[in-house]
Amino acid sequence: MAEITIDGLRLEVERGTTVIQAADQLGIEIPRYCYHPGLSIVGQCRICLVEIERMPKLQVACHTPATDGMVVHTNSDKVLEARRAVLEFLLVNHPLDCPVCDQAGECWLQNYYMQHGQHDSQVVVDKVKKHKAQPIGPNVMLDSERCILCTRCVRFCDEVTATHELGIFNRGDHSELAPYPGVELANNYSGNTVDICPVGALTDRDFRFKTRVWYLNETPSICPGCSTGCNIVIHHNDERTYKADGARVARLKPRYNAEVNQWWMCDTGRYGFDFVDAESRLLRPRKRLGSELEILSWRKAMQAVAMAISETVRKYGPDSVAVVLSPQMANEDLFLGRELFSNLIGLANLAFEVPKLEPEEGDALLMTADRNPNSKGGWLLGLPHHHEVSLATLLQVAREKEVRGLYICHHDLGQAVADKELEAAFSQLDFLIFQGSNSNMVSEKADYVLPSTTFAERDGTFTSHAGRVQRFCQAVAPLGDSKPDWLIFKSLAKALGHAMPYFEAEDVFAALADEEAAFAGLDYGSIGESGAQLSPGAETKTPAKTKERESFF
Amino acid sequence: MVEKIISKFFDIRDSHTIEVYEQHGGYQTIQKVLKKMKPQDVVDEVTKSNLRGLGGAGFPAGRKWSFIPKDNPKPKYLVVNADESEPGTFKDRYVMDHYTHGLLEGMMIAGYAIGANLAFIYIRGEYVRQAERLLEQIEAARNSGYLGKGIFGSKFDFDIVVHRGAGAYICGEETALLESLEGKKGWPRMKPPFPAVEGAFGCPTIVNNVETIAYVPTIMERGGEWFAGIGSEQNGGMRLFGVSGHVEKPGLYELPLGTPLREIIYEHAGGIRNGKKLKAVVPGGSSSPILTQDEIDVKMDYESLAAIGSMLGSAGVIVMDDDTDIVRALHVVMRFYHHESCGQCTPCREGTGWAENIIQRILNDEGETSDLDNLVRIAENIMGNTICPLGDAAALPLRSYVTKFRGDFEARVSKGRKEAA
């Protein structure tokens with residue numbers, strides 16, 4: 001251990017801690033461009049120069065280890081002058097094109113200039129001309145003139161993805177960031193280079209010029225793209241959606257979580273949010289009569305669906321209606337779905353996962369092959385692990401009229417089975433219900449469509465493959481009349497004559513935690529923004545009550 | 001007059017060959033060292049000699065060698081810095097041309113002292129003839145059993161690899177040199193770790209200048225005390241002063257450290273060309289702060305020059321007569337550093353180009369008085385704030401030219417203003 005004093009504040013730090021890390025621990029902000037806690041240390045930008053007593057020269061805080069008795073000043077005149085000087089140098093060849101730069105508002109040249117610079121320009125010479133607006137990959141645009149050569153992106157591609165696409169070419173003030181010849185920045189983590197670029201050199205091709213960042217609001221969430229559960233922030237535009245063709249969710253950004261994704265997220269997840277504001281969103285409950293679609297109120301829809309289910313069960317027994325929940329659904333949805341369909345209605349056939357025709361692949365970094373955010377949550381609630389037979393069996397029993405009513409949540413069965421087979425099965429059904437956020441081949445065929453909200457429009461929790469329960473929060477209002485899945489189940493229960501005492505997702509989770517040993521003791525407060533790791537021992541499943549009966553699956 | 005050590009070979013025909021070198025006593029010392037001395041004894045002797053790093057930084061050579069960790073199981077390397085690129089400096093070229101085997105013998109002794117079985121000579125790309133000569137003479141030494149397994153019949157294995165640079169000034173900075181040697185872009189490393197702990201290929205490495213190593217055989221032959229007795233305090237022996245510019249007899253002069261600058265210019269180099277008057281002297285390569293005609297009674301050793309705010313550096317003495325346009329002279333210097341800044345860290349990358357542009361503007365008669373203050377400010381903001389010494393190397397001349405010859409700069413600025421009016 002070493003005791004270091006920074007700006008008069010003392011701190012005990014572990015050996016090897018650098019001055020900038022110690023300052024961060026104390027909440028003292030030392031400006032930085034090249035330093036990033038997730039990358040190697042290069043000391044190139046020189047903005048983090050600090051004064052250390054008994055050292056004649058200023059030292060870079062990022063590379064100087066804290067030693068016992070070290071006394072550091074981060075705001076002395078000498079430091080402020082050096083910081084101002086480094087900023088002035090960085091701006092010598094900077095194009096100062098903030099009015100047309102997409103980074104404006106979240107640019108660390110702007111921020112530090114306001115905090116530490118505020119000098120009048122003495123630069124009257126011509127600036128070095130470099131390449132502008134070059135697409136260097138499917139997701140990233142490079143403006144070399146804005147680049148301050150901090151090399152964060154280069155180190156990210158060398159150290160995190162080990163894909164080595166980027167380098168600094170040429171020398172001196174003609175140095176330029178670029179991909180190696182013939183190479184594209186096309187790895188599945190390329191969007192992170194935009195996040196860590198402190199200036200407007202790397203911008204996001206998907207996001208560029210859609211909105212000014214100061215119009216965006218931020219809501220913590222969890223990426224629904226796979227079972228890793230990367231912590232994210234939804235950046236949403238609440239008032240100026242006309243700037244982005246009505247899209248409210250502007251972009252997703254990774255949110256630091258030491259246990260899950262650190263600072264990063266994959267491009268598949270990052271750019272996978274289009275469905276939230278897509279034209280394919282299901283906005284109203286509706287009923288199909290031949291080729292006619294009838295918009296229903298929720299009340300009428302729930303009555304009709306309740307009637308269809310209860311009539312079928314009454315006539316043909318509880319095996320005659322099958323429900324397929326989804327690992328896209330939150331713990332709260334799955335818990336209430338199980339409560340409603342198994343416990344209250346007593347259905348025997350409750351499925352959960354549906355394997356895709358072509359399985360996805362994961363990678364060694366963050367993305368898993370399971371592209372659902374909550375498979376683990378379902379298993380912990382006793383929902384069955386998939387096996388390929390289940391869907392085939394389901395369709396077979398439908399064809400043979402053993403199952404007469406099918407209630408499918410979210411799944412696009414078109415991704416899992418050939419259309420012909422589906423149609424053959426669906427045509428034999430008395431009713432097909434689809435509950436989900438976006439239309440697909442099931443919703444197109446369904447007799448009843450119940451629109452649910454996306455993850456961005458509601459609160460809830462997912463359980464990651466590593467057994468971490470994580471909260472996501474409502475960022476934007478539900479589109480149209482869509483409702484969270486758990487609330488649809490609650491309404492349906494009510495229409496069936498069962499009152500459920502839940503008003504918020506949080507209430508559902510409280511009941512879940514009461515009932516399920518794996519989640520015992522958790523609530524939204526204790527899960528917090530960084531999630532709660534379930535203990536491995538707590539992961540034993542409570543068998544779903546359906547298991548007592550004969551099931552097709 | 002003190003006896004010459006290296007430069008006496010400059011006048012001997014074929015002095016670069018093994019035969020001629022041996023006729024003049026070459027390769028005796030290494031054999032004595034291998035037979036009779038322990039590595040530590042060699043380090044001690046060199047420490048005693050007060051031999052300084054003659055590349056420019058002047059760090060005591062023996063002390064540098066002693067930084068090699070004793071308990072590190074990795075191989076150790078010796079790297080000879082032959083990237084001689086400092087404007088005004090041309091000594092190492094002569095050493096390699098005429099004292100080729102003296103350098104190789106010095107490398108053998110140094111390698112033995114630090115426990116290195118492999119050494120590299122990193123030579124600047126423009127030194128084509130010197131690289132060819134080294135390759136040819138190293139091959140000759142290898143054929144004679146002087147390099148390779150068990151040199152001179154001892155148990156000490158030693159070999160030398162010549163690595164040619166590609167012409168970047170920055171690769172003379174020892175850590176950039178190591179990066180380049182490893183096949184990477186020549187960007188200086190952050191220190192610590194210092195090369196003695198983690199140098200070439202992650203192994204303990206000593207980087208020494210050509211001339212430094214070339215003095216080692218003589219030190220080991222005549223003794224550290226003898227060598228220390230030649231120079232001034234803490235500055236052992238002699239070195240090759242390269243005098244260029246407006247003197248009657250430009251050239252290399254091997255003189256004891258501490259020889260007064262006035263003596264070098266007026267006695268050895270024959271005084272100012274064409275009977276003109278002296279205006280300024282750059283005492284130690286283009287990076288060293290410029291001296292006025294009133295400052296040349298300084299002793300040419302590290303401490304004496306530091307005391308008057310300059311440095312001995314590479315001992316490349318550049319003499320300017322009073323016809324010299326000092327603004328243009330500074331422009332040449334800054335154009336060089338702007339061109340050679342590696343671009344890795346901010347102050348040097350941006351400051352050198354900015355400064356050159358301002359000086360160009362002054363030369364274009366578009367300068368302002370505020371430009372002069374900005375030049376000094378730029379220099380001071382670079383100084384001490386960069387990863388490697390290139391920043392200081394650019395900033396020191398910048399500040400010293402403008403402050404010491406402010407009158408010349410102001411005259412140029414006001415001339416521009418008058419013409420514009």
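Remember, it's a predicted structure, so these values are computed and weren't measured experimentally. Just so it is clear: chains get the letters A, B, ... in the order the sequence lines come, proteins before strands, and each one is counted from 1.
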*With a 4.5 angstrom heavy-atom cut-off, which part of I170(B) approaches chain A: side chain, backbone, both or neither?*
neither

_Just so I understand: if I count every heavy-atom pair under 4.5 Å between each of S175(A), G167(A), C34(A), G43(A) and chain B, which residue has the most?_
G43(A)

_Can you classify the ring geometry of F67(B) versus F59(B) as parallel (below 30°), tilted (30 to 60°) or perpendicular (above 60°)?_
tilted

*Flag the one option from V123(A), L91(A), I47(A) with the top tally of heavy-atom pairs under 4.5 Å to chain B.*
V123(A)

*With only heavy atoms counted, which part of E380(B) is less than 4.5 Å from chain A, the side chain, the backbone, both or neither?*
neither

*With respect to chain A, which residue among M383(B), R361(B), R377(B) yields the maximal number of heavy-atom pairs within a distance under 4.5 Å?*
R377(B)

_Side chain / backbone / both / neither for N374(B) at chain A, heavy atoms under 4.5 Å_ = side chain

*Heavy-atom distance under 4.5 Å to chain A: side chain of T386(B), backbone, both or neither?*
backbone

_For the interface with chain A, which of G351(B), C342(B), S370(B) has the highest count of heavy-atom pairs at distances below 4.5 Å?_
C342(B)

*Hey, which of I148(A), N93(A), L90(A), L49(A) has the most heavy atom pairs under 4.5 Å with chain B?*
L90(A)

*asked:* Under 4.0 Å between a side-chain nitrogen and a carboxylate oxygen: does that hold for R46(A) and E88(A)?
replied: no

*Decide yes or no on side-chain hydrogen bond (donor to acceptor under 3.5 Å, both in side chains) for E84(B) and Y127(B), but give the supporting numbers first.*
CA-CA 9 Å; E84(B) 185 168 64; Y127(B) 280 180; 2.6 Å; yes

*Between Y189(A) and T163(A), a side-chain donor and acceptor under 3.5 Å*: no

*Most heavy-atom pairs under 4.5 angstrom with chain B, which of I168(A), T151(A), V86(A)?*
I168(A)

*Is the shortest side-chain N to carboxylate O distance from E410(B) to R406(B) below 4.0 Å?*
yes

*Any idea which of D173(A), D126(A), V42(A) has the most non-hydrogen atom pairs under 4.5 angstrom with chain B?*
D173(A)

*Is K132(A) salt-bridged to D97(A), going by a charged N under 4.0 Å from an acidic O?*
yes

*Sub-3.5 Å donor-acceptor pair from the side chain of E86(B) to the main-chain atoms of S287(B), do we have one?*
yes

*Apply the test side-chain contact (heavy atoms from CB on, under 4.5 Å) to residues L330(B) and V402(B): give CA-CA distance (whole Å), side-chain angles for both, the deciding distance (0.1 Å), then the verdict.*
CA-CA 8 Å; L330(B) 179 60; V402(B) 177; 3.8 Å; yes

